[in-house]
Amino acid sequence: MSTNAELFERAQRVIPGGVNSPVRAFRAVGGTPRFITRADGAYLWDAEGQRYIDYIGSWGPMILGHGHPAVLEAVQKAATQGFSFGAPTEREVELAEAIIALVPGVEQLRLVSSGTEAGMSALRLARGVTGRSKIIKFEGCYHGHADALLVKAGSGLATFGHPTSAGVPAEVVQHTLVLEYNNVAQLEEAFAAQGREIACVVIEPIAGNMNFVRAALPFMKRLRELCTAHGALLVFDEVMTGFRVALGGATSLYAKAIPGFTPDLWVFGKVIGGGMPLAAFGGPRAMMSQLAPLGPVYQAGTLSGNPVATACGLATLREIAKPGYFDALAARTKKLVDGLTGAARAAGVPMVGDCEGGMFGFFFPRTAGEGLPQNYATVMATDKERFNRFFHAMLDRGVYLAPALYEAGFVSSAHSDEDIAATVRAAGEALES
Ligand SMILES: *Cc1c(COP(=O)(O)O)cnc(C)c1O
């Protein structure tokens, strides 16, 4: 049997940093990443046979937990029928129909293989439809690793952003304006200055890539008004929140709170693949018909709408659409967050938390009485050292939280009340120590 450390060492010889996606390397929290050998329900097992209660869920997709019988059956059946055809299948149509039925406003979808691909394609479509080049994104939101979206704020407002990665030419991000999340004044200024040139505003409606930060209702309402007034498209990146914070995603939550609210384009991923490589972007028929082969905006993919991945996604969506599913999931997630913050209060440690559906976040503010962070700067100002100690103390106790303070957590319907109780007990011990 190899230890995690041995595997990590071997991995680092052949894979940069030993991982195929950077956050898995534990660089933010330190220590050795766990090499996972198998998963079942709410649990993961590592190479050393240690069991963990899993609050990452593959970063969101595993909403039913691991190895759900209905999903497993659908995937096994699909696999025997063929892995990939490069020709259309009925299951792609079924999955598109299922997603469209759940999210009001989406009339057509195109399936792709990753959230990055979906975000990049939605951006091209927005630019193609509007004939404009500039885009707005918000600091702390992640929309995949396409060049134009790997941008951080410049030194002042209305200056365009800087690449956050080497290898992204400054010219490629010169059209990307980066604003502060939840800052209405900045938004007003940006639209006043360059409104006629903005193709789209892309946003995580509940930002899960800076832990868990909600777009405030007045901010979202004004964002919609400004986009409409200036002819810019509002793109909801629901790769994480879609079919996770509610059956109809964050779209349904904002539509309920703001009369008449709807985004113009959507990006989905994670849950819609149920753990397989699958994502999508969609919108009204008039916009989507600008895509090839109907229109001038090119987009394609060898494995797009893969028959095994669509079987996995469809089976997952069918389970979560059952009556009462989200109420039960939301109640369990709330129990976890209340339990964690309660344990912190008992230990005299400042902690704030929030959740929606099966997604949650918690923070260690540096001073008692501070509320939930509203933007990237306030998230990053929370106590990182305390988070890292807590992360490792929980891992030692068999609880696998996201290994960075800027990542959201996920509860699945496979998490039992006893799993939640065990997690809260572990948190009590960890916070006391
Ligand atoms: C995960 C994520 C992406 C990127 O999806 P990948 O499948 O990792 O490329 C894009 N946007 C958001 C909001 C995400 O959470």
Side-chain angles (χ1 to χ4, degrees), residues 19-25 55-63 99 103 109-126 135-151 164-165 176 178 181 200-215 220 234-246 249-251 253-254 263 265-282 299 301 303-306 309-310 312-313 316 356-361 376 379 402-410:
V19 292
N20 283 312
S21 198
V23 74
R24 297 179 195 169
Y55 289 106
I56 300 184
S58 185
W59 301 94
M62 310 312 297
I63 194 165
I99 294 171
V103 187
L109 273 181
R110 178 145 291 166
L111 304 181
V112 296
S113 301
S114 75
T116 293
E117 206 186 337
M120 182 187 87
S121 304
L123 195 61
R124 183 179 303 150
L125 179 61
I135 61 168
I136 290 177
K137 82 174 282 284
F138 298 97
E139 185 101 66
C141 288
Y142 178 67
H143 307 291
H145 62 91
D147 282 356
L149 293 164
L150 282 185
V151 191
T164 48
S165 166
T176 306
V178 184
Y181 201 74
C200 67
V201 179
V202 55
I203 186 168
E204 280 186 81
I206 298 175
N209 288 286
M210 48 173 160
N211 197 327
F212 188 105
V213 181
R214 295 170 189 268
M220 189 62 86
L234 176 55
V235 183
F236 254 33
D237 182 346
E238 292 231 50
V239 171
M240 190 181 289
T241 53
F243 315 95
R244 168 55 76 175
V245 297
T251 300
L253 302 177
Y254 284 95
L265 288 174
W266 287 259
V267 185
F268 301 110
K270 298 194 169 114
V271 169
I272 64 166
M276 291 273 183
L278 200 146
F281 63 104
Q299 183 276 333
L303 297 176
S304 291
N306 176 270
T310 46
C312 187
T316 300
E356 192 68 52
M359 176 172 160
F360 69 93
Y376 184 67
V379 168
L405 70 77
Y406 44 81
E407 302 287 357
F410 303 98

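Both ligands and their constituent atoms are indexed starting at 1 by order of listing.
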Should the pair Y181 and F138 be assigned to parallel (<30°), tilted (30 to 60°) or perpendicular (>60°) ring geometry?
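The arrangement is perpendicular - the two ring planes meet at more than 60°.
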Applying a 4.0 Å heavy-atom criterion (strictly less than), which segment of N209 is in contact with ligand 1: side chain, backbone, both, or neither?
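Side chain only; the backbone of N209 stays clear of ligand 1.
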Using atom types as modelled and distance alone, determine if a side-chain donor or acceptor of T176 lies under 3.5 Å from a backbone N or O of L149.
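Checking the backbone N and O of L149 against the side chain of T176, no donor-acceptor pair under 3.5 Å is found.
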Short side-chain to backbone donor-acceptor contact, T241 and G249, under 3.5 Å:
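Judged by distance alone, no pair lies under 3.5 Å.
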Do R110 and Q299 have a side chain donor and acceptor closer than 3.5 Å?
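Their side chains do contain a donor-acceptor pair, which is all the 3.5 Å distance test asks for.
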Proximal ligand 1 atoms for [X], defined as those under 4.0 Å from one of its heavy atoms:
| X | value |
| --- | --- |
| M240 | 15 (O) |
| E204 | 13 (C) |
| S114 | 7 (O), 9 (O) |

Starting from [atom], which protein heavy atom do you reach first, and at what distance in Å?
| atom | answer |
| --- | --- |
| atom 11 (N) of ligand 1 | D237 OD2, 2.7 Å |
| atom 12 (C) of ligand 1 | Y142 O, 3.3 Å |
| atom 14 (C) of ligand 1 | K270 NZ, 3.0 Å |
| atom 8 (O) of ligand 1 | T116 OG1, 4.6 Å |
| atom 3 (C) of ligand 1 | V239 CG1, 3.7 Å |

If I take atom [atom1] from residue [X] and atom [atom2] from residue [Y], how far apart are they, to the nearest 0.5 angstrom?
| X | Y | atom1 | atom2 | value |
| --- | --- | --- | --- | --- |
| I99 | L111 | CD1 | CG | 6.5 Å |
| M120 | H145 | CE | NE2 | 9.5 Å |
| N209 | W59 | CG | CH2 | 9.0 Å |
| L253 | M220 | CG | CE | 10.0 Å |

Taking distance alone, with N or O pairs closer than 3.5 Å, would you say G115 contacts ligand 1?
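Yes, G115 has an N/O under 3.5 Å of an N/O on ligand 1.
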So is H143 polar-close to ligand 1, meaning N/O to N/O under 3.5 Å?
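No, no N or O pair falls under 3.5 Å.
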